[in-house]
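What follows is one structure encoded as structure tokens, with my remarks underneath.
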Amino acid sequence: MEYEFLLRIFCAAVLGGLIGLEREYRAKEAGFRTHFLVALGSAVFMIVSAYGFSDVPMSDTTHRWDVSRIAAQVVSGIGFIGAGTIIFRKSENIVSGLTTAAGLWVTAAIGLACGGGMYVLSIATTLMVLAGLEAFNFFLRKIDKKRKEKQEN
């Protein structure tokens with residue numbers, strides 16, 4: 001089982017790192033290391049939540065296991081990290097960092113899925129995130145190009 005756990009955290013680290021590389025390439029607030037660590041940590045939390053307390057005796061009916069408790073706290077906790085990336089510039093009336101915060105949030109979800117052994121879901125989600133980020137960038141370039149053409153005319 002230990003090798004399976006190592007595979008889970010390795011998969012999470014690689015997938016989180018891929019998202020982080022894209023963010024690093026775009027020079028965003030959170031890059032490779034942040035996404036790598038968020039995915040890795042989320043996977044470890046999920047594994048600990050599901051398997052870390054299996055040797056604790058629960059003989060009476062008043063106690064029960066809920067492996068989703070730690071995962072739910074990861075979701076809450078990542079909100080604090082994401083909130084740190086969001087900046088409102090009052091003078092310009094601009095909010096920045098929302099995409100980075102959302103990226104960290106989904107990277108945590110990918111880590112949790114890897115920790116739960118859901119490799120296909122994790123890989124598909126990572127590919128969708130990367131495709132979404134690239135599509136967003138493509139459309140922004142098109143909009144900027146049209147705006148510049150209008151200003152020149």
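Residue indices begin at 1 and follow the sequence shown.
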(message) Strictly by ring-ring contact (aromatic ring centres under 6.0 Å, His included), give each pair with a member in residues 4-25 just once, sequence neighbours left out.
(response) Phe5-Tyr51
(message) Connecting only ILVMFWY residues whose side-chain heavy atoms lie within less than 4.5 Å of each other, what is the rest of Ile87's hydrophobic cluster?
(response) none
(request) Could you identify which residues cluster with Leu121, counting Ile, Leu, Val, Met, Phe, Trp and Tyr as linked when any side-chain heavy atoms lie under 4.5 Å apart, either directly or through a chain of such contacts? (result) Met118
(message) Would a single hydrophobic cluster contain both Val44 and Ile78, if residues Ile, Leu, Val, Met, Phe, Trp and Tyr are joined by side-chain heavy-atom contacts under 4.5 Å?
(response) yes
(message) Tell me which one of Thr34, Val38, Val129, Thr125 satisfies side-chain contact (heavy atoms from CB on, under 4.5 Å) with Ile19.
(response) Val129
(message) So which atom in Ala39 and which in Gly16 form the shortest heavy-atom distance, rounded to 0.1 Å?
(response) CB-CA, 3.7 Å
(request) Using atom types as modelled and distance alone, determine if a side-chain donor or acceptor of Thr126 lies under 3.5 Å from a backbone N or O of Ser122. (result) yes
Donor-acceptor list for residues 97-114 side chains, cut-off 3.5 Å, not counting sequence neighbours:
| unit_1 | atom_1 | unit_2 | atom_2 | d |
| --- | --- | --- | --- | --- |
| Thr100 | OG1 | Arg23 | NH2 | 3.4 |
| Thr100 | OG1 | Glu29 | OE1 | 3.1 |
| Thr107 | OG1 | Gly103 | O | 2.6 |

(request) Under the side chain to side chain contact (heavy atoms under 4.5 Å, CB included) rule, collect the residues that match up with Ile123, sequence neighbours excluded. (result) Leu15, Leu127
Just list the side-chain donor-acceptor pairs under 3.5 Å for residues 130-147, sequence neighbours left out, or say none.
| unit_1 | atom_1 | unit_2 | atom_2 | d |
| --- | --- | --- | --- | --- |
| Glu134 | OE1 | Arg26 | NH2 | 2.8 |
| Glu134 | OE2 | Arg26 | NH2 | 2.8 |

(request) Determine which pairs satisfy salt bridge (Lys or Arg N to Asp or Glu O under 4.0 Å) with at least one residue from residues 91-107, sequence neighbours left out, and list them in order. (result) none
(request) Look at the side-chain heavy atoms of Ile, Leu, Val, Met, Phe, Trp and Tyr, link any pair under 4.5 Å apart, and say whether Val120 and Met128 land in one connected group. (result) no
(message) Quick check for you: to the nearest 0.5 Å, what is the distance between Ser42 atom OG and Leu37 atom CG?
(response) 10.5 Å
(request) Can you sort out the partners of Phe32 under ring pair (Phe, Tyr, Trp, His ring centres under 6.0 Å), two or more places apart, ordered by chain and number? (result) Phe36
(request) State the CD-NZ distance between Glu22 and Lys28, to the nearest 0.5 angstrom. (result) 8.5 Å
(request) Verify the cluster assignment for Ile9 and Val48: are they in a single hydrophobic cluster under the rule of side-chain heavy atoms below 4.5 Å apart? (result) yes
(message) Side-chain heavy atoms nearer than 4.5 Å, only ILVMFWY residues, links allowed to pass through others: does that put Met46 and Val75 together?
(response) yes
(message) So, using salt bridge (charged side-chain N to carboxylate O under 4.0 Å, His left out) as the criterion, who are the partners of Glu4 when residues are at least two apart?
(response) Arg8
